[in-house]
Amino acid sequence: MIIITRPDISDAELDHIRERVESAGLHTHLSRGEQRTIIGCIGDEERLAEVPLRSLPGVESVMPVLKPYKRASREFSVDRTVVRIGDHATIGGQAITVIAGPCSVEGRDMLHETAAAVRDAGATVLRGGAFKPRSSPYSFQGLGRAALEMLTEVRAAEGLPVVTEVLDTRDVDLVAAHADMLQVGARNMQNFALLAELGRVQRPVLLKRGLSATITELLMAAEYIMAHGNTSVVLCERGIRTFERATRNTLDVSAIPVLKRETHLPVIVDPSHAGGDAELVAPLAFAGIAAGADGLIIEVHPSPECALSDGDQSLAPPAFASLMGRLGAFAEAAGRSMSTPVAARRVGALTGTAA
Ligand code: PEP
Ligand code: MN
């Protein structure tokens, strides 16, 4: 922590600031310039968290030296974190992981059909909302527990681990019993009770950036989960709210390299919710990979025009397969590869030729 003093600070005020810092257990170091004196505070900065330094007479400004997030910070871990989802999928290694599936689980058949289609196209994780955080209370809210059961059934039948959103602290154990990864939606990114609860479960968490959250706020939300004991967190840039109305949100491409610089946690991109338009999914997915994302989460529906939520931005299976076919070149240009499809891994495991 560095304290910059006012030019007219008195000796008594300077002594008082030093006393407050030192009584919190830190040492001080004075650097006297022509105009002002700077007080360097040496020691555990966290001990100053409750000291209202800015309000002390003679203080002009206070600059923290350390980041507010620790466990999530790049410095905390020598290696980048690789998050495991179920038995076969990972996010954060050299390969790009694609999560795909419907916005909402609408029924058993559509879930089987979508899971098989996305798996055959190369996705390694299935998504599907059971509890939906809709902006309107009159919109489809998801099938809830019944959808969770369908996800469990389809996961076993189609061989894909599943991710689904949890909205409420009371549902954390229920959702964790059915899903391989728990999603925190944009609207809940700062639901600190939910984040703390997710720190206690043995399931990876997909944490989506809030609609108006800064990068630091996203990292602090991850820090909450990690500080409560769960270090398997994947961050998701899903577009933020700006003045622009031509797209549902604005994909903050810059957030991807900034996050990769700031944290060891994997970062994925949601081009579906960012653009809000099926036509924009491919270009935004390519941009995400080019910017260094570790994966994508994409909405796919067997018949987007009949979807009960987010049909406009959902890809039909052929469009998704075509996108997957074109992603490889972008992954290669970014020095990455595409994650091996589950089916190929299974064959590899049987013949002993692949990991
Ligand atoms: C979703 O993934 O379906 C969803 C609701 O996303 P977000 O929380 O990013 O709006
Ligand atoms: Mn959606």
Side-chain angles (χ1 to χ4, degrees), residues 85 91 97-106 110-111 114 118 123 125-137 139-144 147-148 151 162-168 171 175 179-191 194-195 198 204-213 215 217-218 221-222 225 233-242 247-252 255-256 259 267-278 280-281 284-285 288 293 295-316 320:
I85 305 145
I91 303 186
T97 302
V98 178
I99 303 172
C103 177
S104 308
V105 174
E106 297 171 7
M110 67 80 73
L111 193 61
T114 316
V118 301
V125 183
L126 175 67
R127 64 151 287 150
F131 298 102
K132 295 304 300 176
R134 305 306 300 281
S135 301
S136 164
S139 303
F140 175 60
Q141 305 286 309
L143 298 179
L148 293 177
L151 283 166
V162 302
V163 55
T164 194
E165 180 165 354
V166 56
L167 290 179
D168 192 315
D171 295 330
V175 178
D180 301 281
M181 184 183 222
L182 306 189
Q183 177 172 324
V184 176
R187 290 155 193 82
N188 260 325
M189 189 205 81
Q190 284 187 317
N191 180 340
L194 182 62
L195 300 177
L198 290 170
V205 176
L206 175 59
L207 177 63
K208 300 189 93 177
R209 181 177 181 183
L211 278 72
S212 304
I215 292 172
E217 285 164 343
L218 172 60
I225 300 168
V233 180
V234 174
L235 306 172
C236 179
E237 162 57 41
R238 46 77 75 207
I240 52 175
R241 181 164 291 188
T242 69
T247 49
R248 182 174 180 184
N249 292 288
T250 299
L251 181 67
D252 183 5
I256 303 157
L259 284 167
V267 179
I268 68 167
V269 163
D270 178 344
S272 307
H273 290 87
D277 178 344
L280 299 178
V281 172
L284 297 182
L296 299 166
I297 179 165
I298 297 175
E299 287 186 337
V300 178
H301 192 284
S303 175
E305 67 176 54
C306 302
L308 297 182
S309 61
D310 288 349
D312 288 341
Q313 67 197 35
S314 298
L315 298 183
F320 177 69

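This is a predicted model, so every value here is computed, not measured. Values reported hereafter were calculated over all heavy atoms of this structure, with side chains retained and with hydrogens, waters and symmetry mates removed. Both ligands and their constituent atoms are indexed starting at 1 by order of listing.
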- Query: Above 12 or not: heavy atoms from other molecules or residues under 6.0 Å from CZ of Arg134?
  - Reply: yes
- Query: So, is Pro133 polar-close to ligand 1, with some N/O to N/O distance under 3.5 Å?
  - Reply: no
- Query: Can you check whether Asp310 has an N/O within less than 3.5 Å of an N/O in ligand 1?
  - Reply: no
- Message: Give me the residue, atom name and distance of the protein heavy atom closest to atom 4 (C) of ligand 1.
- Response: His273 NE2, 3.4 Å
- Task: Could you pull out all residues at least two apart from Glu165 that satisfy side chain to side chain donor-acceptor pair (under 3.5 Å)?
- Result: none
- With sequence neighbours excluded, tell me which residues meet side chain to side chain donor-acceptor pair (under 3.5 Å) with Asp312. none
- Query: Below 3.5 angstrom, do we get any N/O pair linking Gln183 and ligand 1?
  - Reply: yes
- the Mn ion (ligand 2): protein N, O or S atoms [distance under 2.8 Å]: Cys103 SG, His273 NE2, Glu299 OE2, Asp310 OD2
- Residues that His301 engages under side chain to side chain donor-acceptor pair (under 3.5 Å), provided they are two or more places apart: Glu106
- Any ion pair linking Arg209 and Glu217 (charged N to carboxylate O, less than 4.0 Å)? no
- Give the residue, atom name and distance (to 0.1 Å) of the protein heavy atom nearest atom 6 (O) of ligand 1. Lys208 NZ, 3.0 Å
- For Glu299, the ligand 1 atoms whose distance to one of its heavy atoms is below 4.0 Å: 3 (O)
- Is there a side-chain contact between Val184 and Leu195, using heavy atoms and a 4.5 Å cut-off? yes
- Between Thr114 (side chain) and Pro102 (backbone), is there a donor-acceptor pair under 3.5 Å? no
- Item | Ligand-side contact atoms (ligand 1) for residue partner Lys132, heavy atom cut-off under 4.0 Å | 1 (C), 3 (O)
- Per-atom contacts of ligand 1 with Gly185, taking only distances under 4.0 Å to non-hydrogen atoms: 8 (O)
- Backbone N/O of Ala307 and side chain of Glu305: donor-acceptor pair under 3.5 Å: no
- Query: Looking at side-chain heavy atoms only, is the closest gap between Leu148 and Phe131 below 4.5 Å?
  - Reply: yes
- Item | Top protein contact for atom 9 (O) of ligand 1, by heavy-atom distance | Arg238 NE, 2.6 Å
- Message: Is any side-chain heavy atom of Ser139 closer than 4.5 Å to one of Lys132?
- Response: no
- Working to the nearest 0.5 Å, report the span between CZ of Arg248 and CG of Asp310. 4.5 Å
- Query: Counting each atom of ligand 1 from 1 as listed, which ones have a heavy atom of Ala186 under 4.0 Å away?
  - Reply: 7 (P), 8 (O), 9 (O)
- Item | Pick from Glu165, Met189, Arg209, Arg127: the one approaching atom 3 (O) of ligand 1 most closely through a non-hydrogen atom | Arg127
